[in-house]
There are 2 protein chains.
Amino acid sequence: MTAAANQNGRRATASRRLERAGIRDVAAAAGVSITTVSDALNGKGRLPDETRSRVREVAERLGYRPSAAARTLRTGRSGLIGLTVTTYGEEPFTFTEFAYFAEMARAATSAALGRGYALVVLPASSRHDVWSNIALDGTVVIDPPDQDPLVTELYRSGVPVVSDGKPGNCPVTAWVDNDHEAAVLNILEHLSDAGARRIGLLTGTSTDTYTRLSTEAYLAWCDRVGQEPVYEAYPAHDPAAGAVAADRLLARPDRPDAVYGLFDPNGTDLLAAARRYGLRVPDDLLLVCCSESDVYANTEPPITTLSLKPRRIGTTVVNLLIDAIEGVDAGTGTATGRLFPPRYRTAGTGPPPGTLMPTELIVRASSQRRTPRTTVSPPRAPGEV
Amino acid sequence: MTAAANQNGRRATASRRLERAGIRDVAAAAGVSITTVSDALNGKGRLPDETRSRVREVAERLGYRPSAAARTLRTGRSGLIGLTVTTYGEEPFTFTEFAYFAEMARAATSAALGRGYALVVLPASSRHDVWSNIALDGTVVIDPPDQDPLVTELYRSGVPVVSDGKPGNCPVTAWVDNDHEAAVLNILEHLSDAGARRIGLLTGTSTDTYTRLSTEAYLAWCDRVGQEPVYEAYPAHDPAAGAVAADRLLARPDRPDAVYGLFDPNGTDLLAAARRYGLRVPDDLLLVCCSESDVYANTEPPITTLSLKPRRIGTTVVNLLIDAIEGVDAGTGTATGRLFPPRYRTAGTGPPPGTLMPTELIVRASSQRRTPRTTVSPPRAPGEV
DNA sequence: GGAGGGCGGAGATACGTTTCTCCATGAGCG
DNA sequence: CGCTCATGGAGAAACGTATCTCCGCCCTCC
């Protein structure tokens with residue numbers, strides 16, 4: 001009785017001036033208890049439809065919006081997922097991964113939204129106080145470096161973490177990555193088939209998984225087919241360095257007659273360098289680069305690109321993460337059941353489950369030596385209005 | 001006494017198995033009260049440095065992380081800012097604004113982070129339950145359509161809203177936009193100076209501020225100088241339609257000898273269309289388009305672009321929003337003082353304060369009829385290694 | 001006629017902070 | 001010696017929700 005008077009009377013005694021309606025106000029206006037309002041609005045409990053709709057109506061009339069903070073505190077779920085992007089220097093996410101990241105983030109946002117979650121963009125360089133000030137249900141990490149302290153702390157504190165890019169030593173809940181080895185081998189074969197005798201590589205100096213696996217696959221292939229490796233590495237986050245490295249690669253005495261560039265801007269840089277040295281593409285030099293940008297469909301000549309299919313990656317990462325969030329026992333962080341369908345698992349118990357996604361090679365003129373059509377590819381629907 | 005036993009004893013009686021340490025645990029371990037822990041960690045209250053550091057040490061040892069949800073509930077601040085992006089169809093943010101949006105979001109993220117806030121990406125098409133499930137301190141809205149119900153509701157419920165793009169009928173706290181009129185006039189003058197006699201426009205069919213203001217400025221200029229308007233409009237969110245529209249514009253009997261394209265892909269589309277019709281750029285056709293992409297530095301010929309300086313926009317929008325958040329009286333949403341420095345205000349009381357930001361015209365070969373250097377622009381640091 | 005069971009709903013507690021209020025102690029001072 | 005003040009810190013009330021527990025009622029069935 002006393003407590004009841006307290007609950008309903010508190011607001012009345014305290015000068016409540018124009019504050020937003022709370023659940024108590026709705027309860028009072030509808031003539032029911034707080035419990036009933038909560039149940040009616042959340043579709044829980046056992047209530048006749050009449051009461052349910054009446055409460056909803058009153059809530060609507062009062063413009064009631066449940067407090068997200070209170071709900072999060074109570075339920076332990078915020079509906080928020082962190083999206084961690086690597087940073088170089090001051091700016092979030094690097095230039096070289098620009099289109100890739102944008103596409104991936106877009107797909108991730110859509111996927112999360114479809115399941116009732118929203119994404120919080122959190123550069124890895126964020127001040128720690130920002131991180132700890134946000135209630136996250138889980139985190140997506142893009143290409144974590146080895147031994148990322150951030151990931152380790154998150155994982156330890158029970159927050160599910162799914163990484164885009166096979167993690168090095170970080171413990172993660174799950175990971176998704178392209179099959180970079182297969183992709184590189186496929187490209188090398190493709191170039192060989194087009195007549196390449198010496199294939200060069202434009203690669204990066206950083207130690208992320210993508211760079212490492214791709215370079216290793218290239219070196220292994222060289223070793224297998226007996227070609228001397230011809231490559232230049234440069235800091236991939238520096239856009240100017242890419243042009244210099246491309247130039248350097250084509251200036252070598254053992255100049256390659258085909259080049260695969262690992263990063264987005266390499267295509268245009270290599271094309272420019274080739275022009276500079278009077279090399280015709282594809283006649284004197286075959287070109288492939290990894291890019292999500294469609295500008296390479298319109299360069300002169302159009303350049304063959306490898307797409308990592310970032311949309312699929314983004315969608316998969318988010319779905320894996322939400323599966324983990326919703327399937328995990330909130331208390332201890334131990335799994336209540338199988339987190340992933342069997343196809344997702346790599347090993348029984350040790351390493352975290354990983355998913356390998358295929359890539360797509362978009363073949364254009366730059367990697368086909370004798371192209372049947374020497375004319376410019378016809379514009380899109382030229383006569384069509 | 002009883003209450004004290006309750007506060008400290010609750011966890012002991014309840015089976016507390018491996019739960020994360022709370023502020024109570026820290027207080028108990030440090031032999032002080034909850035209040036003292038809170039004060040010590042937040043730098044409030046009057047405490048000797050010795051106590052402060054001791055509490056901090058204990059908290060560190062226990063791995064204490066304050067609950068963001070509880071803090072948000074108590075303080076009414078989440079440190080979260082919504083970033084609303086327009087959507088076309090299923091996907092968040094449209095293709096045509098891709099580079100612009102990416103740059104803008106990047107800058108906004110940095111700016112927010114620097115002030116202790118994080119950004120939540122929220123497509124305008126989000127289900128309402130997602131919106132209301134997130135505690136937002138404020139929202140950035142990109143180019144809201146007229147009478148956006150989302151913005152209206154947010155504003156009504158007291159959440160500060162700052163829009164990128166002058167809002168139509170939505171009530172917002174403040175807005176930021178480029179001076180589109182000045183930009184268009186500048187371009188038209190620039191083309192005239194280069195010898196253009198009839199300037200065409202490639203524009204969009206949507207009703208957003210950017211499209212509307214730019215088109216109006218073009219029409220007004222035509223009217224003033226006595227040129228018959230020559231323009232084609234197409235749905236800007238459809239990338240294929242742009243190529244068709246570019247073709248149509250150059251196929252007209254009253255073919256323009258200079259074109260300004262409002263959207264990013266227009267440059268390549270117009271270039272391709274010009275080739276198709278045997279028009280040389282810039283000799284037969286002067287070209288300018290609005291774009292943030294640097295691919296236009298390397299096209300053949302390089303194309304003059306108008307940059308909207310999205311980084312500056314993003315930074316400004318976020319700073320304006322955070323100013324509003326931190327300067328607003330939490331209770332009623334009324335301002336406690338001047339929200340913005342005088343230079344931000346347009347009118348005394350009626351319309352929300354708006355800021356106009358300058359644009360930048362990056363002049364390249366495509367808009368200069370007699371260019372002094374007919375050679376290809378030198379590559380970046382060709383001799384440098 | 002009493003016991004059990006389903007229905008509809010109320011009470012109260014806990015989520016983990018922040019912060020307002022207030023108390024004890026000791027020093028300074030008239 | 002008593003009063004005031006500053007210092008250091010404790011108590012307890014919120015913040016607004018979800019949910020666990022339990023209670024009354026009416027109906028039915030043995």
Side-chain angles (χ1 to χ4, degrees), chain A residues 1-11 13-14 16 19-28 30-52 54-55 59 64-78 132-133 135 330-331, chain B residues 1-11 13-14 16 19-28 30-52 54-55 59 64-78 132-133 135 330-331:
Chain A
M1 202 61 93
T2 313
N6 180 17
Q7 280 221 340
N8 281 331
R10 182 174 33 175
R11 280 297 193 77
T13 56
R16 53 158 307 193
E19 292 170 9
R20 278 180 49 195
I23 198 174
R24 280 188 306 271
D25 305 299
V26 178
V32 294
S33 74
I34 296 181
T35 307
T36 304
V37 174
S38 178
D39 284 347
L41 261 39
N42 295 329
K44 306 209 166 173
R46 314 154 305 185
L47 295 177
D49 288 345
E50 190 274 330
T51 305
R52 226 176 265 280
R54 182 164 49 88
V55 169
Y64 168 68
R65 297 279 173 266
S67 150
R71 171 174 294 170
T72 298
L73 177 60
R74 178 65 229 236
T75 62
R77 284 266 219 292
S78 66
S132 61
N133 216 354
Chain B
M1 198 60 92
T2 314
N6 180 18
Q7 279 221 339
N8 282 332
R10 182 172 37 174
R11 280 299 192 79
T13 57
R16 53 159 306 195
E19 292 171 11
R20 280 179 47 196
I23 197 175
R24 278 187 307 271
D25 304 299
V26 178
V32 295
S33 75
I34 296 180
T35 307
T36 305
V37 174
S38 179
D39 283 348
L41 262 38
N42 295 330
K44 307 212 163 170
R46 316 157 302 187
L47 295 177
D49 288 346
E50 189 273 332
T51 305
R52 228 176 262 281
R54 183 163 49 89
V55 169
Y64 168 68
R65 297 278 172 268
S67 151
R71 172 174 294 170
T72 299
L73 177 59
R74 179 62 232 240
T75 62
R77 285 266 220 292
S78 66
S132 61
N133 218 356

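Values below: every heavy atom of this structure, side chains too, minus hydrogens, waters and symmetry copies. Proteins come first, then strands; the chains are lettered A, B, ... in the order of their sequence lines, and each starts at number 1.
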### Query
Taking only residues two or more places apart in sequence or in another chain, which ones pass salt bridge (charged side-chain N to carboxylate O under 4.0 Å, His left out) with A:Arg52?
none
### Summary
Testing C:dT17, C:dG9, C:dT19 for proximity to the side chain of A:Thr36, the answer is C:dG9
#### Entry: Whole-Å gap separating P (C:dA12) and CZ (A:Arg24)
15 Å
### Task
Just report the end-to-end axis angle for the helix from C:dG1-D:dC30 to C:dG30-D:dC1, five pairs per end, to 10 degrees.
60°
### Query
What is the distance from CG of B:Leu73 to C1' of D:dA14, rounded to the nearest Å?
9 Å
### Task
Take the protein atom CD1 of A:Ile34 and the nucleotide atom P of D:dT21, then report the distance between them rounded to whole Å.
19 Å
## Note on the structure
Taking C:dG16, C:dG9, D:dA18 as options, the one with an atom nearest any side-chain atom of A:Arg71 is D:dA18
### Summary
Here the pair of heavy atoms bringing B:Tyr64 nearest to B:Ile23 is CE1-N, 3.4 Å
Compile the donor-acceptor pairs under 3.5 Å between side chains in residues 33-51 of chain B and protein atoms, sequence neighbours left out, one pair per line.
| residue | atom | partner | partner atom | Å |
| --- | --- | --- | --- | --- |
| B:Ser33 | OG | B:Thr35 | N | 3.4 |
| B:Ser33 | OG | B:Thr36 | N | 3.3 |
| B:Ser33 | OG | B:Thr36 | OG1 | 3.1 |
| B:Asn42 | ND2 | B:Ser38 | O | 3.3 |

### Message
Measuring from the side chain of B:Ile23 (C-beta onward, heavy atoms only), which nucleotide among C:dG16, D:dT19, C:dT17 has the closest atom?
### Response
C:dT17
### Message
Suppose we screen for side chain to side chain donor-acceptor pair (under 3.5 Å). Which residues come up paired with B:Arg71, at least two apart in sequence or across chains?
### Response
A:Asn133
### Message
Using a 4.0 Å cut-off on heavy atoms, which residues in residues 40-48 of chain A reach DNA chain D? List them by number, or say none.
### Response
A:Asn42, A:Lys44
### Query
When all nucleic acid strands are considered with a 4.0 Å heavy-atom cut-off, which category describes B:Arg65: base, sugar-phosphate, or nothing?
sugar-phosphate
### Task
Quick one: label A:Ser67 by what it contacts on the DNA or RNA (base, sugar-phosphate, nothing), any heavy atom closer than 4.0 Å.
sugar-phosphate
### Message
Whole angstroms only, please: what is the CG-C1' distance between A:Asp25 and D:dT17?
### Response
13 Å
### Query
When only distance counts, do a donor and an acceptor, one from the side chain of A:Thr35 and one from the base of D:dT19, lie under 3.5 Å apart?
yes
### Query
Between A:Ser38 and B:Val32, who's closer to the 5' end of DNA chain D by nearest nucleotide?
B:Val32
#### Entry: Which residues share a side-chain contact (heavy atoms from CB on, under 4.5 Å) with A:Ser78, sequence neighbours left out
A:Thr72, A:Leu80, A:Ala135, A:Asp137
### Task
Check every strand shown and say whether A:Thr51 touches a base, only sugar-phosphate, or nothing at a heavy-atom separation below 4.0 Å.
sugar-phosphate
### Message
Taking the minimum atom-to-atom distance to the side chain of A:Thr75, which one of D:dA18, D:dT17, D:dA10 wins?
### Response
D:dA18
### Task
For A:Arg65 and B:Ser132, indicate whether the former's side chain and the latter's backbone hold a donor-acceptor pair under 3.5 Å.
no
### Query
Can you check the B:Arg74 CZ to D:dT17 C1' distance for me, whole Å?
16 Å
### Query
Which whole-number value in Å describes the distance from A:Asp39 CG to D:dT19 C1'?
8 Å
